Undergrad: 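Below is one structure. I have some questions about it.
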Amino acid sequence: MEEIETRTIRKVMWRLMPFLVLCYFVAYLDRVNVGFAKLQMNAALGLSEAAYGFGAGLFFIAYFLLEVPSNLALDKFGARLWIARIMFSWGLISALFAYIQPISRATGISNEYVFFALRFLLGIAEAGFFPGIIFYLTLWFPSVYRARVVAMFMLAIPFSSIVGAPVSGALLNITGAGHDGWQWLFILEAIPSIVMAFVVVFYLTDRPGQAKWLGADEKSWLETRLETERKQKVAVEHLSIGKALSDPRVLACAFVYFCLNAASYGVAFFLPTIVKGFGVSNFQTGLLSALPFVFGAVGMVLLGRSSDRTLKRREHVCFAMIIAAVGVAGAGLVESPVLVLGLLCLSQIGVSATPPLLWPIPSAFLTGSSAAAGIAAINSIGNLSGFAGPYVMGYLKDMTGTFTAGLLVLGATTLAGGIVAMTLKVSRDLESAAAAKAAPAE
């Protein structure tokens, strides 16, 4: 590795990654804090387990409908303004969950349907954020760095749970000013996203050529390297937006992501309820709910580095999803709280590690606007299971009285995704060839 590469990548890493991780930390916290609010909210609003699961999942229906248009808008208007718009709108809507009952009284709509509507609106507001960042990273990092930078970005998920779970559990104990704990939870955790929206406008840089914080030689090296990789991919294969959306590899990636998210969100939205069933306090529920994500963070980093080192992308995805499947299904077959929590920790290693292992695969054959559309399509289709997973968990819990059936279904779904991952046919030589071809130009 030449000195110019080391210096440039280090600058880009330190400039972008901590800030993007912080943005996603805030986003994910607002997305899943409903799982903690549920401990008080269901009784306050009169929601059944199935109604809660249905409402929690409606977020992802809106996500599905608007992911691709949102990502194309980000490509057109730039990440700085579009991401700021996303964060501001979702912060406002997230805070409105605290006022479901007043909204219901004012409109005559039931609490249940106001909850459904706000979850759907939250999905509309946030649509495009995650795939937008994934696309944004392709504008700044060469292929051989993709898995590790996506892993670093997605560390926000376990970190938001490691930090956010105890905080959310503690916030449930706050009362005052006519608000219960679950209402304060929504209000206080919405504020950071609104504040961050204004910071994004002044901090982010849309493309390397606009980066005043890079030296002239560093900008030249990075732009040359990325353009060489783009030409290398186009020379092998160029996909239009339409072809990208119907490409079998894109659809296969979407199916794998669908299976993963069924387990990811199906467990995440009910994890505080499962842990609360151990007979612990709200704060203890927060602490124990954070533990699986500690293991998830470690697995994400280690497997991401291994994937970049070997470039065996699909093998790593398959391995991670098998781990997730064993952990989720196993948690449904045991009764001891220690074993249940231990198996959920195992599952989270695979669940957390899979996305950063999967995303470099479509980035290896998609470029430009087709990359924006293809990545958004994978994320939007994959996130449909964010609706299906929680609804299945809630419905089967109402039907059987336990989470066993739901966890077994989600485990089997994840295993199916791992099997399909091994059918992905993307040349790992393309990534290494692009880097080798770029070397003389540098």
Side-chain angles (χ1 to χ4, degrees), residues 28-66 89-127 168-169 171-172 174-175 178-190 261-262 264-277 282 285 383-403 405-406 409-410:
Y28 200 80
L29 190 62
D30 283 344
R31 184 186 299 185
V32 301
N33 60 9
V34 69
F36 279 93
K38 172 184 179 291
L39 298 177
Q40 296 177 354
M41 180 184 69
N42 273 24
L45 302 180
L47 299 179
S48 68
E49 295 285 346
Y52 163 77
F54 180 82
L58 274 176
F59 172 96
F60 298 98
I61 299 297
Y63 225 61
F64 170 75
L65 295 173
L66 293 175
S89 59
W90 96 52
L92 289 179
I93 294 170
S94 183
L96 287 177
F97 279 85
Y99 301 99
I100 289 176
Q101 291 158 308
I103 293 173
S104 176
R105 288 192 295 268
T107 61
I109 302 172
S110 69
N111 289 334
E112 182 176 271
Y113 280 93
V114 173
F115 174 65
F116 292 165
L118 288 178
R119 285 296 295 179
F120 189 80
L121 289 174
L122 187 65
I124 290 176
E126 196 182 321
S168 296
L171 289 177
L172 290 176
I174 296 178
T175 57
H179 294 75
D180 293 326
W182 66 274
Q183 293 171 302
W184 280 117
L185 171 64
F186 282 122
I187 294 170
L188 295 177
E189 292 189 351
N261 281 332
S264 177
Y265 291 111
V267 173
F269 284 131
F270 285 90
L271 180 59
T273 304
I274 293 173
V275 174
K276 184 69 174 177
N282 287 334
T285 296
N383 271 306
L384 279 177
S385 63
F387 169 76
Y391 181 67
V392 166
M393 281 286 283
Y395 177 78
L396 292 177
K397 173 64 163 57
D398 280 341
M399 291 291 291
T400 65
T402 71
F403 288 109
V409 169
L410 297 183

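Every value quoted in this text rests on a predicted model; they were computed, and no experiment measured them.
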Undergrad: Does Tyr52 reach the side chain of Leu45, with side-chain heavy atoms less than 4.5 Å apart?
TA: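 Not in contact.
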
Undergrad: Do you know which two heavy atoms are closest between Trp90 and Leu122, and how far apart they sit?
TA: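 Heavy atoms only, the tightest pair is O-CD1, 3.6 Å.
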
Undergrad: What's the spacing between Leu118 CG and Tyr113 OH if we round to 0.5 Å?
TA: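 Here the rounded value is 14.5 Å.
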
Undergrad: Please name all residues satisfying ring pair (Phe, Tyr, Trp, His ring centres under 6.0 Å) with Trp182, sequence neighbours left out, ordered by chain then number.
TA: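 With neighbours one apart ignored, the set is empty.
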
Undergrad: From Ile124 CD1 over to Phe59 CZ, what is the distance, rounded to the nearest 0.5 angstrom?
TA: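 The CD1 atom of Ile124 sits 11.0 Å away from the CZ atom of Phe59.
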
Undergrad: Please report the C-alpha distance between Phe186 and Val34 in whole Å, then the side-chain angles of each, then the deciding distance to 0.1 Å, and finally whether the side-chain contact (heavy atoms from CB on, under 4.5 Å) criterion is met.
TA: CA-CA 8 Å; Phe186 282 122; Val34 69; 4.3 Å; yes

Undergrad: For Ala62 versus Ala127, what's the shortest heavy-atom pair and its separation?
TA: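 What the structure gives for the nearest pair is O-CB, 4.4 Å.
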
Undergrad: Mark yes or no for whether Gln40, through its side chain, and Leu172, through its backbone, hold a donor-acceptor pair below 3.5 Å.
TA: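 Checking the backbone N and O of Leu172 against the side chain of Gln40, a donor-acceptor pair under 3.5 Å is found.
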
Undergrad: Kindly write out the residues that satisfy salt bridge (charged side-chain N to carboxylate O under 4.0 Å, His left out) with Glu49, not counting sequence neighbours, or none if the list is empty.
TA: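 With sequence neighbours excluded, Glu49 shows a salt bridge (charged side-chain N to carboxylate O under 4.0 Å, His left out) to Lys38, given in chain and number order.
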
Undergrad: Let me see the working for Asp180 and Gln183 under side-chain contact (heavy atoms from CB on, under 4.5 Å), right down to the final yes or no.
TA: CA-CA 5 Å; Asp180 293 326; Gln183 293 171 302; 3.9 Å; yes

Undergrad: Locate the shortest heavy-atom distance separating Asn42 from Ser48; write the atom from each residue and the value.
TA: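 Smallest heavy-atom distance, with atoms named: ND2-O, 3.9 Å.
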
Undergrad: Work out which heavy atom in Ser385 is nearest to a heavy atom in Asn261; give both atom names and the distance.
TA: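 Of all heavy-atom pairs spanning Ser385 and Asn261, the closest is OG-CB, 3.1 Å.
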
Undergrad: Output the distance between atom CD1 (Ile274) and atom CE (Met393), rounded to the nearest 0.5 Å.
TA: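 Nearest 0.5 Å value for the CD1-CE distance: 4.5 Å.
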
Undergrad: Can you run down the salt bridge (Lys or Arg N to Asp or Glu O under 4.0 Å) pairs that involve residues 94-103, sequence neighbours left out, and say none if there aren't any?
TA: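 Sorted result for residues 94-103: empty, none.
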
Undergrad: Of all heavy-atom pairs between Glu112 and Leu47, which one has the smallest distance, and what is that distance?
TA: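 Reported closest heavy-atom pair: CA-CD2, 3.7 Å.
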
Undergrad: To the nearest 0.5 Å, what is the distance between CG on Leu121 and CG on Leu92?
TA: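 If we round to the nearest 0.5 Å, Leu121:CG and Leu92:CG are 12.0 Å apart.
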
Undergrad: Are the ring centres of Phe54 and Phe387 closer than 6.0 Å?
TA: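 Aromatic pair counts; centres sit under 6.0 Å.
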
Undergrad: Nearest 0.5 Å please: distance from the CH2 atom of Trp184 over to the CG atom of Leu171.
TA: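 CG of Leu171 is found 10.5 Å from CH2 of Trp184.
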
Undergrad: Taking all non-hydrogen atoms of both residues into account, name the closest pair between Phe269 and Pro390 and its distance.
TA: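 Looking at all heavy atoms of both residues, the shortest contact is CD1-CG, 3.4 Å.
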
Undergrad: Under 3.5 Å, sequence neighbours excluded: what are the donor-acceptor pairs made by side chains of residues 93-105?
TA:
| from | atom 1 | to | atom 2 | distance (Å) |
| --- | --- | --- | --- | --- |
| Tyr99 | OH | His179 | NE2 | 3.2 |
| Gln101 | NE2 | Ala44 | O | 3.4 |
| Ser104 | OG | Ile109 | O | 2.4 |
| Ser104 | OG | Asn111 | N | 3.4 |
| Ser104 | OG | Asn111 | OD1 | 3.3 |

Undergrad: Is there a side-chain contact between Leu410 and Phe403 (heavy atoms, below 4.5 Å)?
TA: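 No, every pair of side-chain atoms sits at 4.5 Å or beyond.
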
Undergrad: Please walk me through it: do Met41 and Leu185 pass side-chain contact (heavy atoms from CB on, under 4.5 Å)?
TA: CA-CA 11 Å; Met41 180 184 69; Leu185 171 64; over 6 Å; no

Undergrad: Can you list everything that forms a side-chain hydrogen bond (donor to acceptor under 3.5 Å, both in side chains) with Lys397? Sequence neighbours excluded, please.
TA: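 Lys397 satisfies side-chain hydrogen bond (donor to acceptor under 3.5 Å, both in side chains) with no residue once adjacent residues are dropped.
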
Undergrad: Going by ring pair (Phe, Tyr, Trp, His ring centres under 6.0 Å), name the residues that satisfy it together with Phe36, two or more places apart in sequence or in a different chain.
TA: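 Result, ring pair (Phe, Tyr, Trp, His ring centres under 6.0 Å) vs Phe36: none returned.
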
